[in-house]
There are 2 protein chains.
Amino acid sequence: MKRKVTLKQIARELDVSISTVSKSLRNSPEISEDTKQKVQAFAKLYNYKPNNIALSLKNKKTKTIGIIIPEIVHHFFATVISGIEQVANENGYNVIVCLSDESFDKEVINMEMLATGSIDGFIMSLSKETQLKKDFHHIVEVINQGMPVVMFDRITNDVFCDKVIIDDQMAAYEAVDYLINKGFKKVALVTTVDYVSVGKLRTEGYLKALRDNNMMAEEDMIVKIEDIDNCSVKIERLLEEQKPDAIFAVNELFAVTCIKLAAKMGVNVPDDLSVIGFTDGIISQFSSPAITTVSQNGIKMGRSAAKMLIDRLEMEEEDEHYRTEVIETHLVERESTPTL
Amino acid sequence: MKRKVTLKQIARELDVSISTVSKSLRNSPEISEDTKQKVQAFAKLYNYKPNNIALSLKNKKTKTIGIIIPEIVHHFFATVISGIEQVANENGYNVIVCLSDESFDKEVINMEMLATGSIDGFIMSLSKETQLKKDFHHIVEVINQGMPVVMFDRITNDVFCDKVIIDDQMAAYEAVDYLINKGFKKVALVTTVDYVSVGKLRTEGYLKALRDNNMMAEEDMIVKIEDIDNCSVKIERLLEEQKPDAIFAVNELFAVTCIKLAAKMGVNVPDDLSVIGFTDGIISQFSSPAITTVSQNGIKMGRSAAKMLIDRLEMEEEDEHYRTEVIETHLVERESTPTL
DNA sequence: TTTCAACACGCAAACGTTTTCGGTAGGGCG
DNA sequence: CGCCCTACCGAAAACGTTTGCGTGTTGAAA
């Protein structure tokens, strides 16, 4: 087992100074061709690679991006990471991933852990608990220390930083408008509790679409789901008592759950009921029927977030002007809505 | 904006030496209570946290685990990361994730990038291209440099290191045996090309199950899929010409594709055809019908891999004795096989 | 022969820690 | 008064780099 070789070892071996070795390897004109050749050959032979940690310490930059997201077993977040990783890779950055598990405390701990030198900047999406508590001091703190933060999807307006989002309200609006234009009169909404920012925005889009089409929003046509594991009763009650002819669900899990429950009650999708989901993930693609959905391009969001962060990291004088990029969405029509 | 404070700054401010500050913060008995109090108060006030990079350089350990996997937008790999992250977190480690994108070159580059000091050890699953080329020099190299590697799922026997796998052959055997015991006579196999190690093992399990039940394996009952995007014709031909009464698919994507194609041809699952998949992911759970599948516990694999790696990292004298842990699987019975 | 530039290289600082070793001052004791 | 011990603190090395600057040698020009 040959351990990693350092400048010092090469220097000792070749009987020159450390700086001579370093300069030779970086092809400095200060060093004679002779010496350079010798050093470079030796370095190649022993497969010398400069130590990243030492470089990080010296340069005060780690070339590493910290990602903090609620969970990773989740199609959307996985695609975002994928997008981030692409751009990071193209620019010589690594990504270090931390999971908040929807917990405020874990989010704080992870941020503090990474903020002490491990990374150059953050890309993050808020945990539910953080959105509920509205406590963002940990984020403000790292920003004040001069570390750039880019937030995506689950963001807050209480923190000034770069952001990447979709227009949740508009996207929901268009989906619901689409249903209404298809002639549906009783469009229900299956959404999250209000403190989840994106859920709230999508709910607002639903309401606005109804209003603009002169339709009344009815309390009973809206179900808010706190916990996916026991939401069946609420949805079943909706289907039974209200008999909606269309449902807009704010994520694909809700959408597929609606379809499954409907099927169990003998309600056929799309013949008796149309369903539109949100987020074009695996479920929407492979469930039967395949689900019409608002596509939210995670790769693009990730790429965009990474680009914004790296741009900010690599500009010389810092810019107090933060940007919010809005990624466009579009409706993917599949089998859960009428085809004509 | 207040930048991060260092020992040196505290020392200057309090007019003591750097070492006094360091010792005070670590509660050394060498320092008087008075001074300790003063320093600790000051440090707390300015929210001092030791710089990770400097610590890494000094201690020659980064408390970071490198993960290299083929892709992340993939339920199984996401669950494995999740498991790794759990154990890593419990032990004060961070994880840095690199994607090989099924490319040999990217796998090599990523490994070399991380191997130069950024991490303490690897957890990885081989890319398809690497399995095809059978070139593992990059892995052997980092191991020879004294950096521990744990391989999971897509492994090779050509490298000596810790491994975490499932018994692919046995799991496949049991699934096929299950089908045969249900009375099915024409059990087809939808698998990958041979160089994917897990695919090959599952194929062998299928063949062995047939043999042990005195059934002939027929060439025409086996389809090997190279590229998921245009596999329809092969599967349709299988369904049409062979009319199998059961299919064992080596992953859930193949399974759901079979079901969808069957449905299009008027073949009902499970009435006319039974299907068993592999990997209990989102697709299996939410497709209609929900798919009976061999469950491969990604969380457990990830946890196990992380534990093996950290154990090895934290033991004082190094152990040349490598372990291979086999995670148990079990069949999750759902709607794509007969219920009685 | 002296002087000066150019060339080739080494020294040392710096990044932020931790830790070993050494040093100083004061007090107690003989 | 002298010695030693203890309590407290600082200097410096070490981790592996990069780089500005100083220095020595050489050759050529004066």
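Per chain, numbering begins at 1; letters A, B, ... match sequence-line order.
- Within residues 25-46 of chain B, the residues that have a heavy atom under 4.0 Å from DNA chain C are, in order of number, B/Arg26, B/Glu30.
- Remark: B/Lys61 NZ is loosely packed, at most 12 non-hydrogen atoms of other residues, nucleotides or ligands lying under 6.0 Å away.
- Contacts between chain A and DNA chain D, taken as any atom within less than 4.0 angstrom of a protein heavy atom, begin and end at D/dC15 to D/dC21.
- Every residue meeting the side-chain hydrogen bond (donor to acceptor under 3.5 Å, both in side chains) condition with B/Lys307, not counting sequence neighbours, appears here in chain and number order: B/Asp311.
- Under the side-chain hydrogen bond (donor to acceptor under 3.5 Å, both in side chains) criterion, A/Ser197 pairs with A/Gln131, not counting sequence neighbours.
- In A/Phe160, the CZ atom is not crowded: 12 or fewer heavy atoms of neighbouring residues, nucleotides or ligands sit closer than 6.0 Å.
- Toward the 5' end of DNA chain D, the nearer of the two residues B/Val21 and A/Ile18, judged by each one's closest nucleotide, is B/Val21.
- A salt bridge does not link A/Lys300 with A/Glu325: none of the charged nitrogens is closer than 4.0 Å to a carboxylate oxygen.
- The list of salt bridge (charged side-chain N to carboxylate O under 4.0 Å, His left out) pairs with a residue in residues 114-134 of chain B, not counting sequence neighbours, is empty.
- Tested against B/Thr156, the residues B/Ile139, B/Thr130, B/Leu126 include a single side-chain contact (heavy atoms from CB on, under 4.5 Å) partner, B/Leu126.
- Only B/Thr6, B/Leu7, B/Lys8, listed by number, bring a heavy atom of residues 3-15 of chain B to less than 4.0 angstrom from any atom of DNA chain C.
- More than 12 heavy atoms of other residues, nucleotides or ligands shown are found within 6.0 angstrom of NE2 on A/His137.
- At a non-hydrogen distance threshold of 4.0 Å, B/Asn51, B/Ala54, B/Leu55, B/Lys58 from residues 51-66 of chain B come into contact with DNA chain C.
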Counting only pairs under 3.5 Å, give me each side-chain donor-acceptor contact of residues 67-84 of chain B, with atom names and distances, residues two or more places apart or in other chains.
from, atom 1, to, atom 2, distance (Å)
B/His74, ND1, B/Phe76, N, 3.3
B/Thr79, OG1, B/His75, O, 3.4
B/Thr79, OG1, B/Phe76, O, 2.5

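- For B/Asp162, the side-chain hydrogen bond (donor to acceptor under 3.5 Å, both in side chains) criterion is met by B/Arg312, not counting sequence neighbours.
- Surrounding CG of B/Asn27 are more than 12 heavy atoms belonging to other residues, nucleotides or ligands, all under 6.0 Å away.
- Counting only residues at least two apart or in different chains, salt bridge (charged side-chain N to carboxylate O under 4.0 Å, His left out) contacts with residues 26-52 of chain B comprise B/Lys23-B/Glu30, B/Glu33-B/Lys36.
- Side chain of A/Asn51 to main chain of A/Ile53: a donor-acceptor pair is present (N/O by atom type, distance under 3.5 Å, no hydrogens or angles).
- Screening residues 135-157 of chain A for salt bridge (charged side-chain N to carboxylate O under 4.0 Å, His left out) gives A/Glu102-A/Arg154 as the qualifying pairs, with residues at least two apart or on separate chains.
- The stretch residues 109-118 of chain B has no heavy atom under 4.0 angstrom from DNA chain D at all.
- One N or O on the side chain of A/Asn52 and one on the backbone of B/Met113 form a donor-acceptor pair closer than 3.5 Å.
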